[in-house]
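Each residue takes its place number in the sequence, starting with 1. All values derive from a computational prediction rather than experimental measurement.
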Amino acid sequence: MRPTQSAPPTQSEWFDSHCHIHDERIPDGGAVAVEAARQAGVTTMVTVGCDRATSLAAIEVAAAHNGVYATVGLHPHDAGNGIDTIVDLFDTPGIVAVGEAGLDYYYEHSPRDVQKTAFAAQIHVAHERNLPLVIHSRDAWDDTFDILRAEGVPANTIFHCFTGGPDEARACLDLGTSLSFSGIVTFKGAPEVQDAARLCPLDRMLVETDSPYLAPIPHRGKPNQPAWVAHVGQFIADLRDVPASTIAEATTVNARRTFAV
């Protein structure tokens, strides 16, 4: 039975494991979004780079706000830019992960072979730098798994914005990765993602907004922001019939361990 979210999320400490608060579409800008998140109990955020420009913007935002951390990555949409356009940014102090990296066969803004090359190269960086890997995988499960097996799964690998069902969840978990759930889990048309959220062990779960995208119910259709990550956690808590504080505590501990912050 699908839960309803009639009550507001419980105030707890939350960790938004994946957002883009440097994005110009964040309502009223990154500084306002960070303060709104603080007021909502979101103490820590990871803002994620997708190419050189957005990785630099993420680094700048992270430097300006305590509790905000940056990644450097090359999104599959931008894979054609080549790993050489971002590799020097990994020397920036405080970078907490590689990514988001991976494969996207839904849009295919970059040719598949180019995406595969960029993904494998970023896995290599994660190994070389001993950094977590943040994966974007859409309609590309088999190739994603094949490349991970071939290159070796970096410690603390995360499937961000998990959109699979129980079978994909088990495959990810069998590889030793964690699953990060976004506002998609709250959508009426996502029963398989909800099933995956029920089965995911609490010690392998993270929550995120992916803001400014994928605002959770009851804010669906609006530009998303980190303050709303609690709605994702509350929904998962209702799915699993546990207090929201249980999800908040587990996912915050997991995210702090994963990103070493």
Side-chain angles (χ1 to χ4, degrees), residues 5 9 12-23 25-27 30 33-34 36-38 40-50 54 58 61-62 65 67-71 73 75 96-102 104 132-138 156-164 168-169 172 177-187 190 193-194 196-197 200 202-217 219-220 222-237 239 244 247-259 261:
Q5 199 174 39
S12 298
E13 179 184 353
W14 294 95
F15 190 127
D16 186 352
S17 71
H18 191 113
C19 56
H20 304 275
I21 54 175
H22 51 277
D23 193 292
R25 288 161 289 189
I26 290 287
V34 170
R38 302 259 189 264
V42 184
T43 63
T44 318
M45 292 149 264
V46 173
T47 189
V48 175
C50 294
T54 56
V61 169
H65 300 283
V68 178
Y69 299 90
T71 78
H75 192 284
V96 297
V98 177
E100 59 187 282
D104 192 313
L133 176 69
V134 178
I135 295 177
H136 171 112
S137 183
R138 188 169 186 187
N156 298 315
T157 290
I158 307 140
F159 275 87
H160 118 83
C161 192
F162 182 79
T163 56
E168 292 80 11
C172 293
T177 72
S178 296
L179 308 181
S180 184
F181 292 93
S182 71
I184 289 175
V185 76
T186 72
F187 297 173
V193 179
Q194 293 160 11
C200 182
L202 274 184
D203 65 352
R204 306 278 287 281
M205 177 186 290
L206 291 83
V207 290
E208 64 173 86
T209 59
D210 201 17
S211 50
Y213 313 104
L214 301 174
I217 291 171
H219 301 292
R220 188 174 184 185
K222 301 176 183 177
N224 202 0
Q225 57 179 297
W228 294 344
V229 74
H231 290 288
V232 177
Q234 178 71 63
F235 191 91
I236 293 172
L239 279 174
I247 303 299
E249 180 178 359
T251 57
T252 297
V253 167
N254 297 341
R256 291 193 181 283
R257 179 185 67 244
T258 296
F259 295 107
V261 299

Find out whether Tyr213 and Asp23 are in side-chain contact, i.e. whether some heavy atom of one side chain is under 4.5 Å from a heavy atom of the other. yes
Indicate the atoms forming the closest heavy-atom contact of Thr209 with Asn224, along with that distance. O-ND2, 2.9 Å
Nearest 0.5 Å, please: how far is OG in Ser211 from NE2 in His219? 12.5 Å
Do you know which two heavy atoms are closest between Phe259 and Ala97, and how far apart they sit? CE2-CB, 3.9 Å
Of all heavy-atom pairs between Glu208 and Ser17, which one has the smallest distance, and what is that distance? CB-OG, 3.6 Å
Please work out whether the ring planes of His160 and His18 are parallel, tilted or perpendicular, with thresholds of 30° and 60°. parallel
Is it true that Glu13 and Thr252 share a donor-acceptor pair across their side chains at a distance under 3.5 Å? no
Out of curiosity, Arg204 CZ to Thr177 OG1, how far, rounded to the nearest 0.5 Å? 6.5 Å
Suppose we screen for side-chain contact (heavy atoms from CB on, under 4.5 Å). Which residues come up paired with Ser137, at least two apart in sequence or across chains? Ile135, Ala140, Trp141, Thr144, Phe159
Taking Thr43's backbone N and O only, do any of them form a donor-acceptor pair with Arg38's side chain (distance below 3.5 Å, no angle check)? yes
Find the distance between OG1 (Thr186) and CH2 (Trp228) and round it off to the nearest 0.5 Å. 11.5 Å
Between Arg256 and Thr44, the two heavy atoms sitting closest are NH2-OG1, 2.8 Å
Between the OG1 atom in Thr47 and the CD1 atom in Ile26, the distance rounded to the nearest 0.5 Å is 7.5 Å
Distance-minimising heavy-atom pair for Phe162 and Leu179: CD1-CD2, 3.8 Å
Value rounded to 0.5 Å, distance of CG in Asp16 from OG in Ser180: 8.0 Å
Verify side-chain contact (heavy atoms from CB on, under 4.5 Å) between His20 and Cys50, making sure each step is shown before the conclusion. CA-CA 9 Å; His20 304 275; Cys50 294; 3.8 Å; yes
For Ala169 and Ala196, the nearest pair of non-hydrogen atoms, with its separation, is CB-CB, 3.9 Å
Residue that, paired with Phe15, satisfies side chain to side chain contact (heavy atoms under 4.5 Å, CB included) out of Thr251, Asn254, Val261: Val261
Kindly compute the distance separating CD (Glu100) from CG (Leu133), expressed to the nearest 0.5 Å. 10.5 Å
Heavy atoms, side chains only, cut-off 4.5 Å: are Met205 and Cys200 in contact? yes
